[in-house]
Amino acid sequence: MSTRIAFLKGHGTENDFVIVPDPENAIDLPPAAVAALCDRRAGIGGDGLLHVVRSAAHPEAEGMAAEAEWFMDYRNGDGSVAEMCGNGVRVFARYLQRAGHVTEGDLAVATRGGVKTVHVAKDGDVTVGMGRAVLPEGDVTVRVGERSWTARNVNMGNPHAVAFVDDLSHAGDLLSPPPISPAAVYPEGVNVEFVVDRGAGHVALRVHERGSGETRSCGTGACAVAVAAARRDGADPTVTGAPATYTVDVPGGTLVITERPDGEIEMTGPAVIVAEGEIDADWLETATSA
């Protein structure tokens with residue numbers, strides 16, 4: 001390992017990430033290293049880490065290399081591996097544009113949740129094709145203190161439980177994962193969204209992301225919320241034949257989610273690179289072994 005490792009810092013609606021460019025997959029990033037880098041006091045700080053690797057160089061992505069040159073090897077803030085991160089994909093694409101690997105326009109990004117289509121505006125928002133939602137049969141129950149709600153089970157390449165509440169404060173402090181029952185529905189954990197209505201086609205959420213705690217935004221969560229809201233509102237595009245668009249306010253900003261009649265979901269929002277620098281590899285080794 002070289003003595004210093006390049007990194008960048010970026011965010012999408014204040015869901016923030018450490019970005020580690022590593023085209024040939026040469027940097028070892030065990031869970032402890034990722035957690036150290038994402039630590040907000042002793043590290044760089046982030047809700048997660050975007051490991052930028054060429055698909056052909058990563059064993060989990062080489063099968064997608066013909067469709068997408070780049071693989072988003074996404075890790076949660078605690079170092080655990082995740083299938084997808086919607087805000088992360090936008091920031092990942094913005095990094096590729098900044099680094100000169102792509103220009104504005106359309107590109108494909110490989111993720112553990114499949115290949116995602118992305119449209120990068122030169123100076124504006126980024127739109128991500130998030131694929132189709134899967135709606136497993138059966139509801140689940142979310143509890144916070146003495147309150148409980150029936151939640152919609154939505155999978156966006158990663159699992160979500162969407163609960164509509166009267167007030168976002170009812171979500172509590174979200175310092176620990178809200179209890180879900182039956183727990184067996186989510187053997188690898190779940191992202192939990194608490195949602196209130198702001199108007200027609202307009203909702204707001206708070207989210208507890210597995211492995212990260214409460215975050216300022218969750219892109220796949222916003223998509224899951226829009227899908228759940230459309231079903232609740234009788235606006236399922238696969239039934240009505242008309243697209244359903246929801247404005248979703250998150251603590252860090254606003255995302256616009258559209259589900260088309262064919263089931264494909266698009267998410268549009270900002271993606272910003274705020275800094276770049278170098279990680280001291282000696283520090284990282286010490287932090288990892290501590």
Side-chain angles (χ1 to χ4, degrees), residues 8-17 19 21 23 47-48 50-56 61 64-74 82-134 154 156-158 201-202 216-227 230 237-238 242-250 252-274:
L8 298 90
K9 182 72 183 287
H11 77 92
T13 49
E14 297 183 12
N15 194 188
D16 62 334
F17 310 97
I19 305 164
D47 293 321
L50 306 176
H51 185 205
V52 184
V53 185
R54 283 196 167 88
S55 297
M64 295 180 277
E67 298 178 73
E69 180 181 2
W70 296 96
F71 173 53
M72 185 181 78
D73 175 18
Y74 181 69
E83 301 91 340
M84 243 297 284
C85 176
N87 288 317
V89 173
R90 297 201 317 278
V91 175
F92 187 93
R94 184 69 80 204
Y95 162 74
L96 293 177
Q97 179 192 30
R98 178 190 178 100
H101 297 306
V102 303
T103 58
E104 62 270 15
D106 297 329
L107 70 142
V109 174
T111 76
R112 291 185 180 87
V115 175
K116 305 301 178 185
T117 57
V118 182
H119 180 81
V120 181
K122 183 174 182 180
D123 298 310
D125 289 346
V126 177
T127 298
V128 179
M130 299 291 286
R132 292 175 171 83
V134 175
V154 183
M156 285 299 308
N158 57 359
H202 189 181
R216 300 284 294 168
S217 181
C218 178
T220 55
C223 293
V225 164
V227 168
T238 64
T245 296
Y246 283 81
T247 297
V248 182
D249 294 337
V250 297
T254 298
L255 297 167
V256 177
I257 312 298
T258 297
E259 184 180 9
R260 304 197 309 248
D262 63 2
E264 290 291 327
I265 298 169
E266 294 182 340
M267 173 185 63
T268 299
V272 182
I273 304 295
V274 299

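Below 30°, between 30° and 60°, or above 60°: for Y74 and F17 the angle between ring planes is above 60°, a perpendicular geometry.
Contact detail for G219 and L255: the closest heavy-atom pair is CA-CD1, 4.2 Å. Smallest separation of non-hydrogen atoms from C218 and N15: CA-OD1, 4.2 Å. Taking all atoms of both residues into account, the shortest heavy-atom contact from K116 to M130 is NZ-O, 3.4 Å. Residues A133 and V154 come closest through the heavy atom pair CB-CG1, 4.1 Å. In terms of heavy atoms, M64 sits closest to T111 at CE-O, 3.4 Å. Between R98 and I273, the shortest heavy-atom distance links the atoms NH1-CG2, 3.7 Å.
I265 is listed as a side-chain neighbour of M156, based on a closest heavy-atom distance under 4.5 Å. Between P270 and T13, some side-chain heavy-atom pair lies under the 4.5 Å cut-off. Between L96 and V52 the shortest side-chain heavy-atom distance falls below 4.5 Å. With contacts defined as side-chain heavy-atom distances shorter than 4.5 Å, the pair F71/R112 qualifies. Inter-residue side-chain proximity for E259 and Y246 is flagged as unmet; no heavy-atom pair is nearer than 4.5 Å. When side chains are defined from C-beta on, L107 does not count as touching Q97, because their heavy atoms never get closer than 4.5 Å. In this structure the side chain of R132 reaches within 4.5 angstrom of the side chain of D262, judged on heavy atoms.
From M72, atom CE reaches atom CD1 of I19 across 11.0 Å, with rounding to the nearest 0.5 Å. For the atom pair CG of D16 and CZ of R216, the computed distance is 10.0 Å after rounding to the nearest 0.5 Å. Put simply, OH on Y95 and CG on L8 are 6.5 Å apart, with the number rounded to the nearest 0.5 Å. For the atom pair CZ (R90) and SG (C85), the distance works out to 8.5 Å, reported to the nearest 0.5 Å.
With hydrogens and angles disregarded, no donor-acceptor distance shorter than 3.5 Å links the side chain of R260 to the backbone of P237. Without hydrogens or angle criteria, R94 side chain to H11 main chain gives no donor-acceptor distance under 3.5 Å.
Residue S217 forms a side chain to side chain contact (heavy atoms under 4.5 Å, CB included) with just one option from V250, V248, D249, and that option is V250. The only member of T117, T268, D106, T258 that meets side-chain hydrogen bond (donor to acceptor under 3.5 Å, both in side chains) when paired with T127 is T268.
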